[in-house]
Structure formats: C-alpha cells, structure tokens
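Just so it is clear, the structure is predicted and the values come from calculations on it, not from any experiment. Quick note: residue numbers are just sequence positions, from 1. Hydrogens, waters and symmetry mates are skipped; everything else that's a heavy atom, side chains included, is used.
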Amino acid sequence: MTDVPNTPQPELAPHPKARSPRAFGMAQPDAQGNIDCDVVIIGSGMGGSTFAHELSATGLKVVIVERGDFLPREIQNWEASSVFGQGRYRNAEPWLDAQDQPFNPGVFYYVGGNTKFYGAMLPRFREEDFSEIQHYDGVAPAWPITYAEMEPWYTKAETLYRVHGQAGTDPSEPWRSGPYPHAALTHDPALLPLEQSMRQVGLKPFVMPAAVDYGDGGDCVLCSTCDGYPCLVDAKCDAEMSALRPALRNGSIQLLTNTFIDKLATSADGRSILSANGSRLGQAVSLRAPRFVLACGAVNSAVLLLKSANDQHPNGLGNSSGQVGRNYMVHNSTFMLAVDPRRKNPVRFQKTLALNDWYTAGAHNAYPLGNVQMLGKIREPMITPMRPWLPKFASRYVTDHSVDLYLTSEDLPTQNNRVTYDARQGAVKVFWQPNNLKAHDELVSKTRQVMRLAGYPLVLTERMGIATNSHQCGTCVMGTDPKTSVLDVNCKLHDLANAWIVDSSFFPSSAAVNPALTIAANAMRVAAHFIAAN
C-alpha cells in the first residue's frame, strides 16, 4: 500500500472501548447544508467502515454518511422478546416483491450497518469459489481476480476483526499464508455429543471462524444473545467497533449520521459525480468531493445509481451495460431445528459447530451442496412470527429442546433476479426466483439424516424467503468488459471517473458461506489501489 507522503501515521486502537462516539469525528453541514471533503463514503457497514479505516492514515478528509444513527445501548439489546418478538430495532422501509406485495427486508440502518446484528462468523471464500464452478442448475462464473490476490487482504481483515479460528480443521478451507490471529473458540459442552456423533459417521465438524472480543482481556462472555442481536457490551467485532471507531479517532475522518442520500449529481458531461444529495433530519444536505465510494449494501447501492439517472445516464448512473441491479443473489438458506423431546438443550454460545464436508463436489455428492453451521440459540419469540398458529407454550417447548442450524447453498446469478426502483410507488422492488434448489434440498436431506442419527427424532425446517437478505450481493458485478459488468477489477465504475463500490454489489458469484469477511478484505484491496492511484 502506498501512503500519501508527509502525512502523520496515527496509531489506531485495535478495539477501542469508547462509550461516547459522538464526542469525536462527527461532521456537520454548513448553514446551507453543504459539506466539502476529499472523499465521501455512503454507508458505514462492513465495506464502508473498513474502507474508511484504510484511508485513516492518508490525511484525506473523509466523510462517512450513514442513513441511521448509533444503535442504542440498552438492556433490550439482549432480550429475545424485544429484538425478535417486537422487532425493536427494525428500521428499514418496506420493499416490494415482483407482485408488488410489501415485505420487511432483513437490513438495518445503523452505524455499523447489518454487522450490528450479524452472527460474527467470518469465513473466507474457498479457493475454488473464485473459479468457474458447475452446479446442478448452472454455472457460477469465475471472478476476474483470484484467491491468491485476495489472500493477503483476508489475512489483514482477520487481524482487524480479531478473528478466532484454527487452520487445518475445515475440510474445504483454502490455503493461508499464516495462522489465525486468535485461537479458535471451544464448543459449548452441550455441543460435544453432537460433534462426536458427526465424527462417528465420518464427517469433519470444525469450529467456525468467529469475530468476537474474547480472551486476552476482551469483553465477550460467549453469551446466548449474539447471532441476530446487538451486543450490549460492544464485544462483537462489528464494523463500527473494529473499523469505524478507530478511524474516527483520526481528525480527518468524520461521520454524518441520520442522513439519507437519494441522488448523485454528475458533471455536465456525465463523467464524474459532483455531489451526493439528500436530507438530514428534514433539511436538505449536499456533500461535494472529488471522489465518491458507495457502500450502501448491494440493493441500496444499485437503487441509488438507478435513482440518479440523468440525460447523460438515462438508465441510471454507471449503467451503460444494463447490469446495474441485475444478478441479485442472497443464498438459498434453511433454518433447521433438530429436537429431542427427552432432553433440554442447555447451550449458551451455540454458534461454533460447522460442516463443510459437502461444500464441494465429491464422492458423496455430484455437485457442490453448501455449508452447515450452528445458529445462535433459537428462542420462542424467534419462531412465533413464522408459526403464529402454534401456541407459545408449544414453541417454547420445541426451542428449549432443539439444536439449531443454518444451511446455506449457493444461488446463481441471473439476469432476471434483480432490484429496481419503482418511482411510482417510491419503493425498492426485488425480483427474486430461487435457483439451484436441487443442491439445497440435498443438503437439507443429508443434514436431517445426520441429526436423526445423533439422537434428534424430530427435525423441523423452514426455508428462508425473499425477506432474508442479509447475504445480498451481485447487483453491480465487477469484470473486465464494460459491456457485461458495472465495475472494473478495482471496483471503480466503468462509466464514471471518480466512483467506486465496496459493498457486496461487486460479487460475480455468491459462494455458499457468509460474505462479510470477503467484503472487508475486498474493501482493503480496493483502498490500496485507491490510495496508490490518488
């Protein structure tokens, strides 16, 4: 990475414990609602915050724009009834499906984005995920970059996000240039019989790489309220805690909250963005800079480009290829509750155990099937919305006696799976038809058999639908040909001289594991090119 010469190189705390983030790094528009800076980053999730962190040593004046505010720190952070039963922290607007039916998307507008609620599992994509792969329903295209090019950035991202793991235990894991920065977590004792049963049938269960502030004086206590909850003690290594707060300690990096950007204005020739325009607390705001970085999430970044159409870009900014919003992917996913009515599950931190034995094609599966990992412990308020007719005492009994899993299979990019903006209704619209379902059905079948052999006679499943979109990706894919891609290999828009995207929009394929680490690693990779070129 090339640093801007003659600029200070501040020491960044790896995981600060500041409780008053408003005390530093907050931007304010002038009396006319304008802000001038060197770089505007729109979105403070995994991509935006990591990118800002990488710029913090350059001396550039950077403003990160966040649609939401800081997530409140309160006892309800750890209450299933508040988080899931009441939807206390859901603040996204309804989106529309292909039939114009509204649904509540699984996205959150807070400082740190969706990572405030993620399960903090940060696996790397497999080496073969960067190559063309034949699936049951078609082909996952090759990426224009290789795993070898991403590997140093994976290593750096794992360090920033304090990832705990153990190399050599995951049967599908890619090669790595060094060990994990922190030792793997250990399974809760309640999971050990299941792990042993899996090994007895020839499987190779392992501990998922986890981004938590555990050990060495860290604040994580391995509680049962991590996956899907905000962390009351700030011990989840999310984008805010690990990347953004350290960056904000540098005076040149600032954050602007409660600001919704709804249009990007370009120069007369359409080649450059001049300003990002929107509103803040009811007042018009405009951010002006030589360079703009989008990190709103794969859906909202694409929608912002489409909403910014003008005479030079009649189909949306950066959309001469017609690919903005297309190739939308979210994974095929199923919740599985394996129930033994004879015994309660006393587990606390359940989200460690995982299987990748069927991730790639092999002797027992002709095509890749996907990943199996534990969910955070499911409680009654989480399943009542899915089964409202089931009495609460029954759902409580089921969840008290269940082991809970999350099964993920790759879905494939298609032109028809896409996001658009319906100007008439003023709403995001999502067209999504699941594909590669034969692989997913086989993954569910194999996992059900494993759980029954492990002593769970009742196995319940719920396939996730259009609203479960935390793994969204692919709406502005990168590539070498401007006719078939939106971004170049360094994630700059082909059609614009000063705009980049660093969320998961750039993914040419979705793989079948959690995307967050790949988003962070790519943001670091792109930042290095950005700094060197500017």
Side-chain angles (χ1 to χ4, degrees), residues 119 121-129 133 135-136 164-176 180 183-210 227 331-340 343 345 347 349-378 401-410 436-461 463 511-514:
M121 298 294 108
L122 294 187
R124 300 181 178 199
F125 278 13
R126 318 291 90 173
E127 185 170 10
E128 55 268 32
D129 286 329
I133 301 177
H135 289 269
Y136 272 116
H164 296 249
Q166 176 60 55
T169 59
D170 174 353
S172 71
E173 68 184 343
W175 61 268
R176 47 187 306 124
Y180 282 94
L185 302 179
T186 57
H187 294 310
D188 188 295
L191 294 177
L192 296 179
L194 175 58
E195 181 196 32
Q196 182 180 14
S197 176
M198 289 176 170
R199 293 193 185 282
Q200 287 174 346
V201 297
L203 298 174
K204 298 176 180 177
F206 63 96
V207 179
M208 280 284 286
D227 195 5
H331 284 154
N332 297 309
S333 56
T334 289
F335 282 10
M336 176 178 285
L337 277 66
V339 182
D340 183 349
R343 52 179 171 157
N345 180 9
V347 72
F349 194 88
Q350 182 171 258
K351 198 172 175 68
T352 54
L353 190 63
L355 291 174
N356 274 338
D357 294 76
W358 309 306
Y359 192 90
T360 57
H364 302 290
N365 46 287
Y367 294 96
L369 302 186
N371 167 261
V372 179
Q373 60 182 271
M374 294 290 108
L375 283 163
K377 186 68 194 83
I378 296 294
H401 293 75
S402 70
V403 171
D404 317 297
L405 304 96
Y406 187 64
L407 283 62
T408 303
S409 300
E410 184 163 355
N436 203 32
L437 290 178
K438 185 174 181 180
H440 192 64
D441 290 343
E442 187 173 335
L443 180 67
V444 171
S445 177
K446 285 180 176 293
T447 307
R448 180 184 288 113
Q449 182 181 11
V450 167
M451 298 310 293
R452 285 178 173 161
L453 289 173
Y456 297 91
L458 179 61
V459 179
L460 308 174
T461 60
R463 180 170 292 165
V513 290
N514 315 48

Any donor and acceptor pair, going by atom type alone, linking the side chain of His331 with main-chain N or O of Leu407 inside 3.5 Å? no
Within 45° cone and under 6.0 Å: Arg343 NZ/CZ vs Tyr456 ring: yes
List the atom of Ile133, the atom of Pro368, and the distance in Å for their closest heavy-atom pair. CG2-CG, 3.8 Å
Indicate yes or no: at least one non-hydrogen side-chain atom of Leu353 is less than 4.5 angstrom from one of Met198. yes
Atom of Pro209, atom of Pro123 and distance for their closest heavy-atom approach: CG-CA, 4.1 Å
Per side-chain contact (heavy atoms from CB on, under 4.5 Å), Met336 is matched among Leu460, Asp404, Val372, Val444 by Val444
What's the separation between atom CD in Glu173 and atom CZ in Arg124, rounded to the nearest 0.5 Å? 9.0 Å
Closest heavy-atom pair and its distance - Leu191, Gln350: CD1-O, 3.4 Å
Would you give the length of the straight line joining atom NZ of Lys377 to atom CG of Asn345, rounded to the nearest 0.5 angstrom? 5.5 Å
For a quick test of reading the model, state the closest non-hydrogen atom pair linking Val339 to Pro457 and the distance between them. O-CD, 3.4 Å
Check step by step if side chain to side chain contact (heavy atoms under 4.5 Å, CB included) holds for Asp170 and Arg126. CA-CA 11 Å; Asp170 174 353; Arg126 318 291 90 173; 2.5 Å; yes
Asn365 and Glu442: side-chain hydrogen bond (donor to acceptor under 3.5 Å, both in side chains), yes or no, with the steps? CA-CA 9 Å; Asn365 46 287; Glu442 187 173 335; 5.8 Å; no
In terms of the angle between their ring planes, are Tyr136 and Tyr367 parallel, tilted or perpendicular, with boundaries placed at 30° and 60°? tilted
Let's go through Asp188 and Thr352 carefully: what are the C-alpha distance in whole Å and the side-chain angles of both, what is the deciding distance for side chain to side chain contact (heavy atoms under 4.5 Å, CB included) to 0.1 Å, and is it a yes or a no? CA-CA 8 Å; Asp188 188 295; Thr352 54; 5.9 Å; no
Measuring from Gln166:CD to Tyr180:OH, what's the distance to the nearest 0.5 Å? 9.0 Å
Can you name the nearest heavy-atom pair linking Glu410 to Asn332, along with the distance? O-ND2, 3.4 Å
